[in-house]
Amino acid sequence: MRDRITQLRLKKGVSEYQMSYDLGHSRGYIYNISSGKALPPMKEFFSICDYLEVTPQQFFDESAQNPELIQKALEGMRQLDEDDMLMLLGISNRMLKK
């Protein structure tokens, strides 16, 4: 967990201090988690995921290179009608064949 928080935090471009502050905690909160001194309670873990713009599943899926972009793409896709989703799927499949 600690390495993944650091990885996603750095990708977001925020310091441990800034993330701690943004989440409403003392300046060392994220440092303590990242250093392995503490684990967040489940409610705080969900807040961390929201802050990092990933789902809990994406948080633990380290194979995903850009989980925050995947999350944003999924949110956009949910707003499309069926025809547009099928078109997007076709484009995606075509790109994967290259």
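Residues take their numbers from the sequence shown, with the count starting at 1.
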Flag, side chain of Gln18 to backbone of Ser15, donor-acceptor distance under 3.5 Å: no
Exam field: side chain Ser20 to backbone Gly28, donor-acceptor pair closer than 3.5 Å: no
Indicate, with yes or no, if Leu86 and Leu80 share a hydrophobic cluster defined by side-chain heavy-atom contacts under 4.5 Å among Ile, Leu, Val, Met, Phe, Trp and Tyr. no
Crowded around Gln57 CD? As in, over 12 foreign heavy atoms under 6.0 Å? no
Leu52 versus Gln58: any side-chain heavy-atom pair under 4.5 Å? no
Between Tyr29 and Phe46, is there shared hydrophobic-cluster membership here, with clusters defined by ILVMFWY side-chain heavy atoms closer than 4.5 Å? yes
Reported CE-to-OG1 distance for the pair Met19 and Thr6, which is rounded to 0.5 angstrom: 9.0 Å
Atom pair CE (Met42) and OG (Ser47), whose distance is rounded to the nearest 0.5 Å: 12.0 Å
Using 0.5 Å steps for rounding, measure from the CD1 atom of Ile91 to the CG atom of Leu96. 12.0 Å
Report the distance from atom CD of Glu44 to atom CG of Leu39, rounding to the nearest 0.5 Å. 12.5 Å
Residue pair Asp83, Met87: steps toward the side chain to side chain contact (heavy atoms under 4.5 Å, CB included) verdict: CA-CA 6 Å; Asp83 290 338; Met87 184 182 348; over 6 Å; no
Donor-acceptor pair, distance only, cut-off 3.5 Å: does the side chain of Arg2 make one with the backbone of Ser35? yes
Under a 4.5 Å side-chain heavy-atom rule over Ile, Leu, Val, Met, Phe, Trp and Tyr, are Ile5 and Val14 clustered together? yes
Could you state the interatomic distance from CZ (Arg4) to CZ (Arg9), rounded to the nearest 0.5 Å? 13.5 Å
Phe45 atom CZ: more than 12 heavy-atom contacts under 6.0 Å: yes
Can the ring centroids of Tyr31 and Tyr17 be said to lie less than 6.0 angstrom from one another? no
List the steps and the verdict of side chain to side chain contact (heavy atoms under 4.5 Å, CB included) for Ile30 and Leu23. CA-CA 9 Å; Ile30 295 299; Leu23 290 170; 4.0 Å; yes
Between Lys97 and Ser92, is there a donor-acceptor pair closer than 3.5 Å when you use the side chain of the first and the backbone of the second? no
Okay, side chain of Arg27, backbone of Glu16: is any donor-acceptor separation there less than 3.5 Å? no
Could you walk me through whether Ile33 and Ile48 pass side chain to side chain contact (heavy atoms under 4.5 Å, CB included), step by step? CA-CA 11 Å; Ile33 295 170; Ile48 289 169; 4.1 Å; yes
Least distance between heavy atoms, Met85 atom then Met77 atom: SD-O, 3.8 Å
With clusters defined by side-chain heavy atoms of hydrophobic residues (ILVMFWY) lying less than 4.5 Å apart, directly or transitively, does Leu74 cluster with Val54? no
Going through the checks in order, is the side chain to side chain contact (heavy atoms under 4.5 Å, CB included) test met by Lys12 and Tyr51? CA-CA 10 Å; Lys12 188 174 177 81; Tyr51 181 82; 3.9 Å; yes
